[in-house]
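Everything quoted here is computed from the prediction, not taken from an experiment. We use all heavy atoms of the structure for the numbers below, so side chains are in, but hydrogens, waters and symmetry mates are not. Below, read A as the first sequence line, B as the second, and so on, with proteins coming before strands; counting in each chain starts at 1.
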Amino acid sequence: MTDEIAKQYNPKDTEDKWYKFWEESNLFLAKPDPKKKPYTIVIPPPNVTGILHMGHALNNTIQDILIRYQRMQGFNTLWMPGTDHAGIATQNVVEKSLAKVGLKRQDLGRDKFIQRVWSWKEEYGSTIIRQLKKLGTSCDWSRLRFTMDEEYSKAVMEAFVRLYNKGLIYRGSYIINWCPRCQTALSDEEAAHHSLQGNLYYLKYPLKENPNKFVIVATTRPETMLGDTAVAVNPKDKRYKLLIGKKLNLPLVNREIAIIGDNMVDTKFGTGAVKVTPAHDPNDYALGKKHNLEFINVLRADGSMNELAGDYQNMDRFKAREAILEDLKKQGLLEKVEAHELSAGHCYRCHTIVEPYLSKQWFVKMKPLAKGAIDAVKKGKVNFYPKRWSKVYLNWMENIRDWCISRQIWWGHRIPVYYCNKCNETIVSAAKPQNCPKCKSNDLRQDEDVLDTWFSSWLWPFATFYWPNESKDLKYFYPTATLVTAPEIIFFWVARMIMAGLEFQKDIPFKDVYIHGTVRDIEGKKMSKSLGNIIDPLEIINEYGTDALRFSLISITAQGQDVFLSKERFEQGRNFANKIWNASRFILMNLDSTMIKTDLCQFLKKEELTLVNRWILSRFYSTLKETKKNLDNYQFNEAANTLYAFFWHEFCDWYLEIIKHDIKNAHNQLVMYKILDKFLRAMHPFMPFITEEIWQKLATQTSSIMLSSYPHIQEKIIDKKTEKTFSEALEIITTIRNMRMELDIPVQANNLGAKIFTTSKAKKAMLESVSGQIMNLARLNKLEIFVDFKETKGEFVNVLRDLHISIPLTGVIDIAKHEEKLSMKIQKVESEIKAKEGMLAKKDFLQRAPRDIVENEIEKLKNLKSEVQKLKGVKDGLR
RNA sequence: GGGCUCAUAGCUCAGUUGGUUAGAGCGUUGCGUUGACAUCGCAAAGGUCAGAGGUUCAAGUCCUCUUGGGCCCACCA
């Protein structure tokens, strides 16, 4: 065939070329076809601001493996791609670039700013898509979606209106998580709790009736005291019982506040008296509602103190904290300060400490939506892999709280709610209404807020098919097969998609959820820019190739386990690619083109294959069976490593080395070609580029390996007996090689004769059938096989289980060393014998263990005993 | 406070219904290059499977506890 194949595999020569070919040949395209079964995956849409990191690389490699595997298995596969508008993140990026020229978004105004974001998106938003293509992902790019597309936005509006009309969306004033930097509300999930070292401050509030007496309260956020409207104690607490109903004088602001009693107060924490700030703490909010307290908000949206904060007005909340403590101290009202570990919510976008903040927001009632989503997982309609995540999911679902969906930013889906400026009527409508249905005025204004980004992403599995239109595609491809994602977005996204699917499509969005691990650095730290421990996938692709990246990543990803990465890890993938390359190169250089047209089955009807070929074919199909089983169970590392071990250590190290000496033999020609062909197909989902490149060099039936079928398991060809016989021959070869080493006999000297002594005629015949291979690889010029062991002077004898193996004793041998080796082996075997004897002496074992296990053990004991005897004989013969 | 997860060779990790002699990659040591591959080959060394108890004929694998990492959830002011 071709004789101009490079000695080393160079990914750069192949990757972009084949990707372009696949795309231009429309091989990723999917159309509904009633004759075929669909297999759909929707991509977790990366943020438009995203740049490819290892998490993406892992996530998308797994999806691509599934898609390519199922495509080759004959499914009508669709991998739906797209990007997410990522409201806060994208707005932040554009605001930053504005800040560089000294502008704020308010300077532009809403419409101009949004235009700016769109043009930013046009320019940079497809970066991540280009990068995904470098990974080899076989998405149907003709369907690329964006969560802010017109059609998609319609779906978002529709979902809002439907939920509102069902009474599942409401507006109200509640304590929400507020990010003072982004100046927007966040959902509970977007406020990530991290513990931090803070203080517990003990403040003294004087009693009104006797300013020399105090109630001491403990707080971690002293600045909120400006908004205190009560102090609460537990009515059962003897210390404070009598004070309930009395008044305190709130320091610094000189406001009168009451002491109230409530069972919620923990008598053991702090002093047992708690300051109540209903506008700045969720607990206090509840108390405020219950006891009809005043709600005094002392903060502005940007985290500075407002006009109600008196002297502290305009100070940042943390500056105000210091000032207030200073003043209290001066007045002798700071009792003490204790170090205290606390946990505070942090904005998941900018990591600023969020403020519990009272404001008017839109919410989704979650309990009614959660019900079906809980059942779906409990009844196994949706399955998590690994299973344990279903517990995490259920625990969250069962304690679900309402979802704050309004954001005070500009980039996003504007809430489809309009207010009449005349009569104050609220109108909820997907499209802007002409006039107020109540007073007919056309003076309407739209709600200023936009929706949480996740309020659009939760519709992803069906909104990408233009829901609410009942498209053919939606009917055909929904529900999808598998969702592949990371654990941190189970709540954000997975759970909500299940709820949305059941609510709007009346069906689950996907059957399986595969949760992979987090990619970490070698010290177990999460990879992040700020830590500077990032391994850039594009750099790895550049240096080692995409297939190397994909293979290495997959081979170390045990199901759902975190991945610890160092750069060297990718050498394994590169080396493997090179190994595949060179083995293929060898085969191509030696392949007789007439042979490859022969059909294996036809050939097998006429002839029985030689042993070595029966062996490798059996090994291949055993490997394939294992691989498919692993893939079907989402055990990607096992699948990859099974193929790796077969190809490298069985096919290359043994098989090719054996047939090398007789490569033109028809059997060898046929089998090496068939196995390479089938191996490439089995490997293709993992390493798409190199497999295509080699496939194209083989004479092929189809234009792309992508269009070929995944190999089918040929159960009839799996022959465990042959596998066993052959592996024994391989062990004999290793033993003889070791003996040569011990005697320092050079491999090149092809003048060594060996003898094998066995114990039965049957075994002799079996060994004779593989004697050619043994001679070949042990570099022997003569091999004699006998039934009974006869000691011969001047021979170097070793024992392999029930066999004696001997070669002429040339030169000097270190008898003492060899004796020691034998002794150690004898010791080991004897201890095994002892263990087996103990086991077999137990009645319980004989009675309760399955018969085949018992028989197996008896057989083993017999063999061990005979082995130890032989070993002893050889040892005695040494002197 | 609740939950999850990890501890197996020098290092990073596999080991899924309990049943041969616990595996891989890297690293280490020795040998090897006149045509598949040094991104290679042949071989070797290296493990009380964190500790204690239990279930079982049989435990790296199941149960309980202990120790030490990591993670998630939670309105402890």
Side-chain angles (χ1 to χ4, degrees), chain A residues 5 7-9 175 188 192-193 200 217-221 224 232 264-266 268-271 273-277 281-286 340 342-343 356 386-389 391-392 395-396 399 401 487-488 490-491 517-518 520 522 524-526 544 548 552 555-556 558-566 568-569 571-590 633 635 637-638 641 644-645 649 652-653 656-657 660 733-734 737-738 740-741 744 746-748 777 828-829 832 839 842-850 852-854 856-857 859-860 864:
Chain A
I5 304 174
K7 261 186 150 186
Q8 282 185 1
Y9 173 59
I175 297 262
D188 293 334
H193 281 78
L200 194 55
V217 295
T219 180
T220 54
R221 295 188 296 151
T224 62
M264 253 174 78
V265 179
D266 180 358
K268 288 181 208 90
F269 190 90
T271 60
V274 53
K275 64 192 265 316
V276 183
T277 325
D281 183 274
N283 280 324
D284 296 7
Y285 177 83
H340 182 70
L342 57 117
S343 106
K387 216 178 170 146
R388 68 185 131 90
W389 292 110
K391 255 194 211 169
V392 175
N395 182 50
W396 184 77
N399 297 294
R401 295 160 60 198
E488 55 264 31
I490 291 178
F491 306 143
T518 306
R520 298 171 184 283
I522 207 72
K525 293 196 190 94
K526 218 166 163 168
Y544 299 99
S552 295
S555 77
I556 55 171
Q559 192 179 69
Q561 227 44 60
D562 286 354
V563 187
F564 290 64
L565 265 190
S566 66
E568 298 78 59
R569 228 26 242 233
E571 285 174 15
Q572 191 191 356
R574 178 200 56 184
N575 294 356
F576 186 41
N578 196 53
K579 190 72 184 178
I580 295 173
W581 181 256
N582 275 292
S584 307
R585 178 171 177 256
F586 172 74
I587 291 170
L588 284 166
M589 285 190 314
N590 290 288
N633 290 310
Q635 290 167 301
N637 64 324
E638 297 278 322
N641 292 333
Y644 172 94
H649 298 305
C652 292
D653 288 351
L656 289 183
E657 289 304 323
K660 214 176 226 181
I733 293 165
T734 300
R737 282 172 177 169
N738 273 327
R740 294 182 78 118
M741 279 246 201
D744 228 358
V747 196
Q748 294 92 327
L777 293 184
K828 202 181 155 202
V829 177
E832 266 177 61
M839 197 175 183
K842 277 194 280 191
K843 268 188 208 153
D844 281 342
F845 174 69
L846 298 173
Q847 280 165 9
R848 296 194 190 200
D852 57 324
I853 300 270
V854 176
N856 211 344
E857 292 299 320
E859 177 73 17
K860 269 187 279 177
L864 289 170

## Note on the structure
Contacts of A/Y9 meeting ring-ring contact (aromatic ring centres under 6.0 Å, His included) (sequence neighbours excluded), chain-then-number -> A/W581
Considering just the side-chain nitrogens and oxygens of [X], establish if one lies under 4.0 Å of OP1 or OP2 belonging to [N].
X	N	result
A/K391	B/C4	yes
A/K7	B/C37	yes
A/K660	B/A36	yes
A/H340	B/C76	no
A/R737	B/A43	yes

Roughly how far apart, to the nearest Å, are [N] and [M] at atom [atom1]?
N	M	atom1	value
B/U64	B/C71	P	24 Å
B/U20	B/U29	C1'	30 Å
B/A14	B/C73	C1'	30 Å
B/G60	B/C4	P	24 Å
B/C26	B/A9	C1'	12 Å
B/G51	B/G30	P	33 Å
B/U66	B/G3	P	13 Å

### Query
According to the Watson-Crick and G-U wobble definition with distances under 3.5 Å, which dot-bracket string, read 5' to 3', encodes RNA chain B, using [ ] for crossing pairs and | for pairs with another strand?
(((((((..((((.....[...)))).(((((.......))))).....(((((..]....))))))))))))....
Distance in angstrom units between [X] [atom1] and [N] [atom2], rounded:
X	N	atom1	atom2	answer
A/I587	B/G35	CD1	P	19 Å
A/Q561	B/U8	CD	C1'	14 Å
A/N582	B/G41	CG	C1'	13 Å
A/M264	B/C76	CE	P	10 Å
A/N395	B/C4	CG	C1'	10 Å
A/I556	B/C11	CD1	P	17 Å
A/N578	B/G41	CG	C1'	14 Å
A/D653	B/G32	CG	P	20 Å

Classify [X] by what it touches in the nucleic acid, base, sugar-phosphate, or nothing, heavy-atom distance under 4.0 Å.
X	result
A/P356	nothing
A/V276	nothing
A/N633	nothing
A/F491	sugar-phosphate
A/V392	nothing
A/A218	base
A/N637	sugar-phosphate
A/R585	sugar-phosphate

Restricting both atoms to N or O, compile the protein contacts to nucleotides 25-29 of chain B shorter than 3.5 Å, with distance only.
{"unit_1": "B/G25", "atom_1": "OP1", "unit_2": "A/H649", "atom_2": "NE2", "d": "3.1"}

### Under 3.5 Å: donor-acceptor pair, side chain of A/N582, backbone of A/N578
yes
### Task
Give a yes or no answer on whether the side chain of A/N637 reaches the backbone of A/I556 with a donor-acceptor pair at less than 3.5 Å.
no
### No-H, no-angle donor-acceptor pair, A/K579 side chain to B/C37 base, under 3.5 Å
yes
### Message
Can you say whether a donor on the side chain of A/E657 sits under 3.5 Å from an acceptor on the base of B/A36, or the other way round?
### Response
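Yes.
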Which residues pass the salt bridge (charged side-chain N to carboxylate O under 4.0 Å, His left out) test with [X], not counting sequence neighbours?
X	value
A/K860	A/E857
A/R401	A/D188
A/D284	none

Who are the side-chain contact (heavy atoms from CB on, under 4.5 Å) partners of [X], not counting sequence neighbours?
X	answer
A/V392	A/W389, A/F491
A/I175	A/P282, A/Y285, A/P356, A/L358
A/H193	A/S343
A/E657	A/K660, A/L777

Using a cut-off of under 3.5 Å, enumerate the N/O to N/O pairs linking the protein to nucleotides 44-46 of chain B.
{"unit_1": "B/A44", "atom_1": "OP1", "unit_2": "A/N738", "atom_2": "ND2", "d": "3.3"}

### Query
Considering residues at least two apart in sequence or located in another chain, which fulfil the side-chain hydrogen bond (donor to acceptor under 3.5 Å, both in side chains) criterion with A/N399?
A/N395
